[in-house]
Number of protein chains: 2
Amino acid sequence: MNSKSLIIDIATTLFQQKGYIGVGLNEILKACNLSKGSFYHHFPNGKEALLIACLQSMEEAIMTDIEGIFERYPTTEEATNAMISKLIVNFETEGTITGYTFSSIVSEMASLSDPVRNACAQLYQKMQDIYSNKLVEDGLSQDTANSIALMMTASIEGGMMLCLTQNATAPLSVIAKNLSYILKEF
Amino acid sequence: MNSKSLIIDIATTLFQQKGYIGVGLNEILKACNLSKGSFYHHFPNGKEALLIACLQSMEEAIMTDIEGIFERYPTTEEATNAMISKLIVNFETEGTITGYTFSSIVSEMASLSDPVRNACAQLYQKMQDIYSNKLVEDGLSQDTANSIALMMTASIEGGMMLCLTQNATAPLSVIAKNLSYILKEF
DNA sequence: ATTAATAAACAGACCAGTCGGTATGGAGGG
DNA sequence: CCCTCCATACCGACTGGTCTGTTTATTAAT
């Protein structure tokens with residue numbers, strides 16, 4: 001793997017775990033076994049440019065993943081359960097949350113950098129669109145689908161936050177149960 | 001107001017806006033017109049002790065606020081709508097989110113400091129308890145009440161995150177509408 | 001030989017936290 | 001009434017270290 005991709009890959013994980021401000025360039029580069037010079041060769045615009053590259057990389061990874069799940073299952077309800085189960089397994093094995101979330105980045109950077117804020121907004125929107133499209137397939141109206149898709153995005157994101165604070169996976173399980181209930185309603 | 005309370009008050013706002021790592025002691029003290037010496041007189045255990053004091057102060061403020069709303073309205077559904085409306089007005093006037101949320105603190109510190117993580121967990125739990133108690137009053141079983149209360153906490157927290165990224169209040173409105181719907185079901 | 005890629009040393013700003021010293025105000029003894 | 005004593009509150013220069021970003025020099029590949 002070339003150095004640039006390596007930097008993005010490792011930085012993505014670290015940013016997700018510790019947030020943007022919480023990770024220094026030195027830490028990233030040490031994990032990559034690369035030097036400052038190499039970094040600034042590939043990212044002449046510095047750390048924030050790296051963050052945006054990481055967000056784009058996350059977008060690809062998350063989209064592929066979620067799209068896969070949502071194609072594999074016939075209904076939104078089943079796909080949602082599968083997705084949350086995957087998050088729970090991930091949390092149990094990794095100890096931290098490494099997939100689907102970037103809340104630390106949002107809360108740190110949303111008010112500081114518009115480019116970063118927009119990149120995050122786009123990522124949430126794309127996830128929501130997948131949910132929404134599947135809900136329309138399920139037979140819901142576009143408006144209802146959008147509304148429920150937003151509820152899904154928000155509650156899953158909030159659920160991960162609760163898991164983090166409690167250091168447990170129970171909150172996400174409860175969210176899955178509740179979303180199932182809601183999705184069966186329609 | 002005494003210096004210690006002043007420090008806590010100002011630091012609480014700054015931590016909510018920019019996160020824990022994002023705010024330096026110098027910035028806090030400059031805003032208070034106080035010196036390093038004064039700070040370490042009142043907080044000999046440093047910045048993290050200040051953060052925990054801020055979380056406790058937030059707990060008091062949020063509890064008073066939410067309890068007030070939940071006493072004033074007869075049903076959980078009405079109280080929830082009033083609470084979210086207040087969050088929306090707050091977001092519109094302040095430009096950022098200053099009340100009820102501390103997601104940046106959670107995502108930064110949950111994996112770094114157990115005392116901070118526990119303080120955050122307690123805060124979420126107390127909010128959830130208010131919702132849950134009211135739901136039991138409404139006639140729900142304890143289990144169902146707990147489950148829905150968690151869903152409320154998570155979706156509101158996630159909704160604020162979406163508002164931050166979109167720089168708009170629409171997501172919280174949609175969350176309110178969805179929660180209303182769910183709460184009417186039972 | 002030229003150019004991309006990397007390394008290493010460095011600069012300057014900022015960080016949390018420390019330390020010696022100063023001002024204030026109340027208690028108690030003369 | 002005055003003076004000493006002492007705890008509390010406060011000040012701001014300073015320390016050791018980390019941060020992002022720059023510069024210069026060297027290596028590897030074409």
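Each chain gets a letter, A, B and so on, in the order its sequence line appears, and its residues count up from 1.
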With A/Asp138, which residues qualify under salt bridge (charged side-chain N to carboxylate O under 4.0 Å, His left out), at least two apart? none
Which pairs, with at least one residue in residues 139-152 of chain B and sequence neighbours excluded, count as a salt bridge (charged side-chain N to carboxylate O under 4.0 Å, His left out)? none
How close or far is atom C1' of C/dC14 from atom CD1 of A/Ile21, stated in whole angstroms? 13 Å
Take the protein atom CG of A/Leu34 and the nucleotide atom C1' of C/dT6, then report the distance between them rounded to whole Å. 8 Å
Rounded to whole Å, the NE2-P distance (B/His41 to C/dA16) equals 20 Å
Once you round to the nearest 0.5 Å, how far does CE of B/Met83 lie from CD1 of B/Ile66? 5.5 Å
Could you list the residues that satisfy side chain to side chain donor-acceptor pair (under 3.5 Å) with A/Thr75, not counting sequence neighbours? A/Glu78
What side-chain donor-acceptor pairs closer than 3.5 Å can you find for residues 117-125 of chain B, not counting sequence neighbours?
residue: B/Arg117; atom: NE; partner: B/Asp114; partner atom: OD1; Å: 3.1
residue: B/Arg117; atom: NH1; partner: A/Thr165; partner atom: O; Å: 2.6
residue: B/Arg117; atom: NH2; partner: B/Asp114; partner atom: OD1; Å: 3.3
residue: B/Asn118; atom: ND2; partner: B/Asp114; partner atom: O; Å: 3.2
residue: B/Gln122; atom: NE2; partner: B/Glu59; partner atom: OE1; Å: 3.2
residue: B/Gln122; atom: NE2; partner: B/Glu59; partner atom: OE2; Å: 3.1
residue: B/Tyr124; atom: OH; partner: B/Glu157; partner atom: OE1; Å: 3.2
residue: B/Gln125; atom: NE2; partner: B/Asp129; partner atom: OD1; Å: 3.1

Rounding to a whole Å, what distance do you find between B/Phe43:CZ and D/dA9:C1'? 14 Å
With a 3.5 Å cut-off and sequence neighbours excluded, list the donor-acceptor pairs that the side chains of residues 18-33 of chain A form with protein atoms.
residue: A/Lys18; atom: NZ; partner: A/Glu27; partner atom: OE2; Å: 2.6
residue: A/Tyr20; atom: OH; partner: A/Glu48; partner atom: N; Å: 3.1

Return the polar atom pairs (N/O with N/O) between nucleotides 21-24 of chain D and the protein under 3.5 Å, or none.
residue: D/dG21; atom: OP2; partner: A/Tyr40; partner atom: OH; Å: 3.0
residue: D/dG21; atom: OP2; partner: A/Lys47; partner atom: N; Å: 3.1
residue: D/dG21; atom: O5'; partner: A/Tyr40; partner atom: OH; Å: 3.3
residue: D/dG21; atom: N7; partner: A/Lys36; partner atom: NZ; Å: 3.2
residue: D/dG21; atom: O6; partner: A/Lys36; partner atom: NZ; Å: 2.5

How long is the line joining CG of A/Leu6 and P of C/dT6, in whole Å? 10 Å
Between NZ of B/Lys4 and P of D/dT8 the distance, given in whole Å, is 13 Å
